[in-house]
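The structure under discussion appears below in the form of C-alpha coordinates.
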Amino acid sequence: LLRLRGVPSVCVAYFVVKMVRYCLMFWLPFFLVKAANLSAGDAAKLATLLDLGGAAGGVCVGLVADRLCGGAMVLACAPFALLTAALLVVHANAYHLGVGANAACMLGVGFAVAAPDGILGGAVARNLCEYNARPDAAELSPAVSGLVNGCGSVGAILQGFGTAGLVAALGWRGLFYTLAGLMALAFAALLPTIALERAGLVVPAHLVGGEPARGSRPTRRSSSVHFA
(Lines give C-alpha, C1' and ligand atoms only; values in the text may rest on other atoms or scores of the structure.)
Protein backbone atom coordinates (compact mmCIF):
# COMPACT_ATOMS: atom_id res chain seq x y z
CA LEU A 1 0.00 0.00 0.00
CA LEU A 2 2.84 2.39 0.76
CA ARG A 3 4.01 2.00 -2.83
CA LEU A 4 0.92 3.85 -4.02
CA ARG A 5 1.79 7.43 -4.83
CA GLY A 6 0.42 9.86 -2.29
CA VAL A 7 -0.24 7.29 0.44
CA PRO A 8 3.01 7.77 2.43
CA SER A 9 2.64 11.56 2.51
CA VAL A 10 -1.00 11.36 3.59
CA CYS A 11 -0.05 8.88 6.31
CA VAL A 12 2.64 11.23 7.63
CA ALA A 13 0.33 14.24 7.50
CA TYR A 14 -2.53 12.44 9.24
CA PHE A 15 -0.18 11.08 11.91
CA VAL A 16 0.88 14.64 12.70
CA VAL A 17 -2.60 16.16 12.52
CA LYS A 18 -4.04 13.59 14.92
CA MET A 19 -1.10 14.03 17.29
CA VAL A 20 -1.66 17.78 17.42
CA ARG A 21 -5.44 17.62 17.70
CA TYR A 22 -5.47 15.04 20.47
CA CYS A 23 -2.77 16.89 22.35
CA LEU A 24 -4.99 19.95 22.35
CA MET A 25 -8.10 18.00 23.30
CA PHE A 26 -6.50 16.26 26.26
CA TRP A 27 -4.27 19.03 27.62
CA LEU A 28 -6.28 22.21 27.06
CA PRO A 29 -8.20 22.25 30.36
CA PHE A 30 -5.01 21.64 32.33
CA PHE A 31 -3.16 24.28 30.31
CA LEU A 32 -5.88 26.89 30.80
CA VAL A 33 -5.85 26.38 34.56
CA LYS A 34 -2.09 26.17 35.09
CA ALA A 35 -0.77 28.57 32.45
CA ALA A 36 -3.66 30.94 31.69
CA ASN A 37 -4.73 31.09 35.35
CA LEU A 38 -8.40 30.50 34.56
CA SER A 39 -10.83 28.84 36.91
CA ALA A 40 -11.63 25.18 36.39
CA GLY A 41 -15.14 26.12 35.26
CA ASP A 42 -13.95 28.63 32.67
CA ALA A 43 -11.29 26.18 31.46
CA ALA A 44 -13.88 23.44 30.94
CA LYS A 45 -16.15 25.78 28.98
CA LEU A 46 -13.34 27.10 26.80
CA ALA A 47 -12.08 23.61 26.01
CA THR A 48 -15.43 22.80 24.35
CA LEU A 49 -14.84 25.64 21.88
CA LEU A 50 -12.18 23.52 20.19
CA ASP A 51 -14.85 21.04 19.10
CA LEU A 52 -17.33 23.79 18.29
CA GLY A 53 -14.85 25.40 15.94
CA GLY A 54 -14.05 21.96 14.54
CA ALA A 55 -17.66 21.38 13.53
CA ALA A 56 -17.62 24.58 11.50
CA GLY A 57 -14.20 23.81 10.01
CA GLY A 58 -15.29 20.39 8.78
CA VAL A 59 -18.24 21.88 6.90
CA CYS A 60 -16.19 24.77 5.55
CA VAL A 61 -13.42 22.64 4.04
CA GLY A 62 -16.00 20.51 2.24
CA LEU A 63 -17.51 23.61 0.68
CA VAL A 64 -14.08 24.92 -0.27
CA ALA A 65 -13.15 21.61 -1.90
CA ASP A 66 -16.40 21.31 -3.82
CA ARG A 67 -17.02 24.92 -4.81
CA LEU A 68 -13.56 26.47 -5.10
CA CYS A 69 -11.07 23.67 -5.70
CA GLY A 70 -12.92 21.56 -8.25
CA GLY A 71 -12.99 18.53 -5.99
CA ALA A 72 -9.30 18.74 -5.01
CA MET A 73 -9.77 17.84 -1.36
CA VAL A 74 -6.10 17.68 -0.36
CA LEU A 75 -5.50 21.04 -2.00
CA ALA A 76 -8.44 22.43 -0.05
CA CYS A 77 -7.36 21.15 3.35
CA ALA A 78 -3.61 21.84 3.16
CA PRO A 79 -3.88 25.62 3.75
CA PHE A 80 -5.89 24.88 6.89
CA ALA A 81 -2.84 23.06 8.26
CA LEU A 82 -0.76 26.22 7.79
CA LEU A 83 -3.55 28.28 9.32
CA THR A 84 -3.50 25.98 12.35
CA ALA A 85 0.25 26.52 12.71
CA ALA A 86 -0.17 30.30 12.58
CA LEU A 87 -3.00 30.30 15.12
CA LEU A 88 -1.00 28.12 17.50
CA VAL A 89 1.81 30.68 17.40
CA VAL A 90 -0.73 33.42 18.13
CA HIS A 91 -2.15 31.43 21.03
CA ALA A 92 1.33 30.84 22.43
CA ASN A 93 1.71 34.59 22.79
CA ALA A 94 -1.86 35.51 23.77
CA TYR A 95 -2.98 32.95 26.36
CA HIS A 96 -2.20 35.35 29.23
CA LEU A 97 -4.67 37.95 27.91
CA GLY A 98 -7.73 36.42 29.52
CA VAL A 99 -10.87 34.51 28.68
CA GLY A 100 -11.72 36.37 25.47
CA ALA A 101 -8.32 35.84 23.85
CA ASN A 102 -8.27 32.17 24.76
CA ALA A 103 -11.82 31.68 23.50
CA ALA A 104 -11.00 33.25 20.14
CA CYS A 105 -7.84 31.17 19.80
CA MET A 106 -9.66 27.96 20.70
CA LEU A 107 -12.38 28.57 18.14
CA GLY A 108 -9.83 29.41 15.46
CA VAL A 109 -7.53 26.49 16.15
CA GLY A 110 -10.45 24.06 16.36
CA PHE A 111 -11.84 25.39 13.08
CA ALA A 112 -8.51 25.06 11.27
CA VAL A 113 -7.27 21.70 12.55
CA ALA A 114 -10.58 19.93 11.89
CA ALA A 115 -10.27 20.50 8.15
CA PRO A 116 -7.24 18.28 7.44
CA ASP A 117 -8.44 15.83 10.10
CA GLY A 118 -11.79 15.30 8.41
CA ILE A 119 -10.49 15.23 4.85
CA LEU A 120 -7.42 13.02 5.28
CA GLY A 121 -9.30 10.44 7.31
CA GLY A 122 -12.18 10.28 4.85
CA ALA A 123 -12.64 10.04 1.09
CA VAL A 124 -9.02 10.80 0.23
CA ALA A 125 -8.17 7.08 0.48
CA ARG A 126 -10.44 6.13 -2.41
CA ASN A 127 -9.27 9.10 -4.46
CA LEU A 128 -5.63 8.09 -4.04
CA CYS A 129 -6.38 4.64 -5.46
CA GLU A 130 -8.10 6.24 -8.43
CA TYR A 131 -5.28 8.72 -8.99
CA ASN A 132 -2.91 5.75 -9.18
CA ALA A 133 -5.14 4.36 -11.97
CA ARG A 134 -5.90 1.21 -10.02
CA PRO A 135 -8.74 -0.78 -11.61
CA ASP A 136 -9.39 -2.31 -8.18
CA ALA A 137 -9.74 1.10 -6.52
CA ALA A 138 -13.09 0.24 -4.94
CA GLU A 139 -11.66 -2.92 -3.35
CA LEU A 140 -8.32 -1.38 -2.36
CA SER A 141 -9.59 1.86 -0.85
CA PRO A 142 -10.75 0.31 2.47
CA ALA A 143 -7.22 -1.00 3.06
CA VAL A 144 -5.71 2.40 2.25
CA SER A 145 -8.26 4.09 4.50
CA GLY A 146 -7.40 1.70 7.31
CA LEU A 147 -3.68 2.38 6.91
CA VAL A 148 -4.15 6.16 6.93
CA ASN A 149 -6.48 6.09 9.92
CA GLY A 150 -4.18 3.66 11.71
CA CYS A 151 -1.30 6.11 11.33
CA GLY A 152 -3.55 8.82 12.75
CA SER A 153 -4.40 6.63 15.73
CA VAL A 154 -0.71 6.03 16.42
CA GLY A 155 -0.15 9.79 16.44
CA ALA A 156 -3.04 10.28 18.84
CA ILE A 157 -1.57 7.68 21.19
CA LEU A 158 2.02 8.89 21.06
CA GLN A 159 1.12 12.45 21.98
CA GLY A 160 0.32 11.23 25.46
CA PHE A 161 3.90 10.09 25.96
CA GLY A 162 5.61 13.23 24.69
CA THR A 163 3.48 16.17 25.81
CA ALA A 164 4.42 16.16 29.47
CA GLY A 165 8.11 15.94 28.63
CA LEU A 166 7.86 18.83 26.18
CA VAL A 167 6.11 21.02 28.72
CA ALA A 168 8.75 20.20 31.34
CA ALA A 169 11.59 20.95 28.94
CA LEU A 170 10.24 23.87 26.92
CA GLY A 171 7.29 25.25 28.85
CA TRP A 172 3.78 25.78 27.51
CA ARG A 173 4.88 28.30 24.92
CA GLY A 174 7.48 25.86 23.66
CA LEU A 175 4.80 23.19 23.39
CA PHE A 176 2.62 25.43 21.24
CA TYR A 177 5.56 26.32 19.01
CA THR A 178 6.29 22.61 18.61
CA LEU A 179 2.69 21.90 17.65
CA ALA A 180 2.84 24.76 15.15
CA GLY A 181 5.99 23.28 13.62
CA LEU A 182 4.30 19.89 13.34
CA MET A 183 1.35 21.39 11.49
CA ALA A 184 3.75 23.10 9.10
CA LEU A 185 5.34 19.68 8.58
CA ALA A 186 1.92 18.24 7.79
CA PHE A 187 1.45 20.91 5.12
CA ALA A 188 4.84 20.13 3.60
CA ALA A 189 4.08 16.41 3.61
CA LEU A 190 0.92 17.02 1.59
CA LEU A 191 2.63 18.88 -1.25
CA PRO A 192 3.47 15.74 -3.29
CA THR A 193 -0.11 14.54 -2.89
CA ILE A 194 -1.43 17.89 -4.08
CA ALA A 195 0.61 17.51 -7.27
CA LEU A 196 -0.72 13.97 -7.73
CA GLU A 197 -4.26 15.18 -7.09
CA ARG A 198 -4.02 17.98 -9.63
CA ALA A 199 -2.88 15.48 -12.27
CA GLY A 200 -5.37 12.81 -11.21
CA LEU A 201 -8.42 15.06 -11.33
CA VAL A 202 -8.12 15.15 -15.13
CA VAL A 203 -8.56 11.57 -16.35
CA PRO A 204 -9.42 9.95 -19.65
CA ALA A 205 -13.16 9.67 -20.18
CA HIS A 206 -13.06 5.87 -20.43
CA LEU A 207 -11.64 5.65 -16.89
CA VAL A 208 -14.64 7.51 -15.50
CA GLY A 209 -17.14 5.10 -17.02
CA GLY A 210 -18.05 3.43 -20.27
CA GLU A 211 -15.93 2.23 -23.15
CA PRO A 212 -13.12 4.34 -24.54
CA ALA A 213 -14.27 6.27 -27.56
CA ARG A 214 -12.10 7.01 -30.55
CA GLY A 215 -10.44 10.36 -29.97
CA SER A 216 -11.90 10.65 -26.48
CA ARG A 217 -10.82 13.68 -24.49
CA PRO A 218 -9.94 13.97 -20.83
CA THR A 219 -12.77 14.84 -18.49
CA ARG A 220 -12.72 16.53 -15.12
CA ARG A 221 -13.39 14.28 -12.14
CA SER A 222 -16.01 15.68 -9.80
CA SER A 223 -15.46 16.01 -6.08
CA SER A 224 -16.35 13.24 -3.67
CA VAL A 225 -17.76 15.93 -1.39
CA HIS A 226 -21.05 17.50 -2.43
CA PHE A 227 -23.29 20.03 -0.77
CA ALA A 228 -26.70 21.20 -1.82
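What you see below is based on every heavy atom in this structure, not just the backbone, and it leaves out hydrogens, waters and symmetry mates.
- Ring-plane geometry between F176 and H91 is classed as perpendicular, the angle between the planes exceeding 60 degrees on a 0 to 90 degree scale with a lower cut at 30.
- With hydrogens and angles disregarded, a donor-acceptor distance shorter than 3.5 Å links the side chain of T48 to the backbone of K45.
- With values rounded to the nearest 0.5 angstrom, M19 atom CE is found 7.0 Å from L182 atom CG.
- For N149 (side chain) and S145 (main-chain N/O), a donor-acceptor pair under 3.5 Å exists by modelled atom type.
- For the atom pair R173 CZ and T178 OG1, the distance stands at 13.0 Å (nearest 0.5 Å).
- Of the listed residues (L88, L166, L170, V89), just one forms a side-chain contact (heavy atoms from CB on, under 4.5 Å) with Y177, and that residue is V89.
- Rounded to the nearest 0.5 Å, atoms CG (L75) and CD (E197) are 6.0 Å apart.
- Taking all atoms of both residues into account, the shortest heavy-atom contact from C151 to F15 is O-CD1, 3.3 Å.
- Proximity of L190 to C77: side-chain heavy atoms (C-beta onward) are separated by under 4.5 Å at one or more points.
- Closest non-hydrogen pair, L87 versus A112, comes out as CD1-CB, 4.3 Å.
- Placement of F161 and F30 within a single hydrophobic cluster is found when ILVMFWY residues are connected by side-chain heavy-atom separations under 4.5 Å, directly or transitively.
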Quick one: do Q159 and R21 satisfy side chain to side chain contact (heavy atoms under 4.5 Å, CB included)? Show the steps, please.
-> CA-CA 9 Å; Q159 62 79 27; R21 191 174 190 184; over 6 Å; no
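- Within the model, atoms CE of M73 and CG of L128 stand 8.5 Å from one another, a figure rounded to the nearest 0.5 Å.
- Around the OH atom of Y95, the shell of radius 6.0 Å holds more than 12 heavy atoms that belong to other residues, nucleotides or ligands.
- G152 and K18 get closest at one heavy-atom pair: O-CB, 3.1 Å.
- T163 contributes no side-chain N or O that, together with a main-chain N or O of C23, makes up a donor-acceptor pair within less than 3.5 Å.
- Annotation for A189 and V12: closest pair CB-CG1, 4.1 Å, computed over non-hydrogen atoms.
- Linking ILVMFWY side-chain heavy atoms closer than 4.5 Å, directly or via other members, places V64 and V113 in two distinct hydrophobic clusters.
- Taking the side chain as every heavy atom from C-beta outward, V144 and V7 approach each other to under 4.5 Å.
- In the hydrophobic clustering of ILVMFWY residues, with side-chain heavy atoms under 4.5 Å counting as a link, V99 and V90 come out apart.
- With hydrophobic clusters built from ILVMFWY side chains whose heavy atoms lie under 4.5 angstrom apart, V33 does not share a cluster with L38.
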Between V17 and T84, is a side chain to side chain contact (heavy atoms under 4.5 Å, CB included) present by the stated rule, with each step listed?
-> CA-CA 10 Å; V17 169; T84 304; over 6 Å; no
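- The two residues S9 and G6 come nearest to each other via the heavy atoms OG-O, 3.0 Å.
- When all heavy atoms of A78 and F187 are compared, the closest pair comes out as O-CD1, 3.3 Å.
- Hydrophobic clustering of Ile, Leu, Val, Met, Phe, Trp and Tyr side chains at less than 4.5 Å, counting indirect connections, keeps L97 apart from L50.
- The structure places CG of D51 at 10.5 Å from CG of L24, a figure rounded to the nearest 0.5 Å.
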Go through V10 and V124 one step at a time and tell me if the side chain to side chain contact (heavy atoms under 4.5 Å, CB included) criterion holds.
-> CA-CA 9 Å; V10 169; V124 164; 4.3 Å; yes
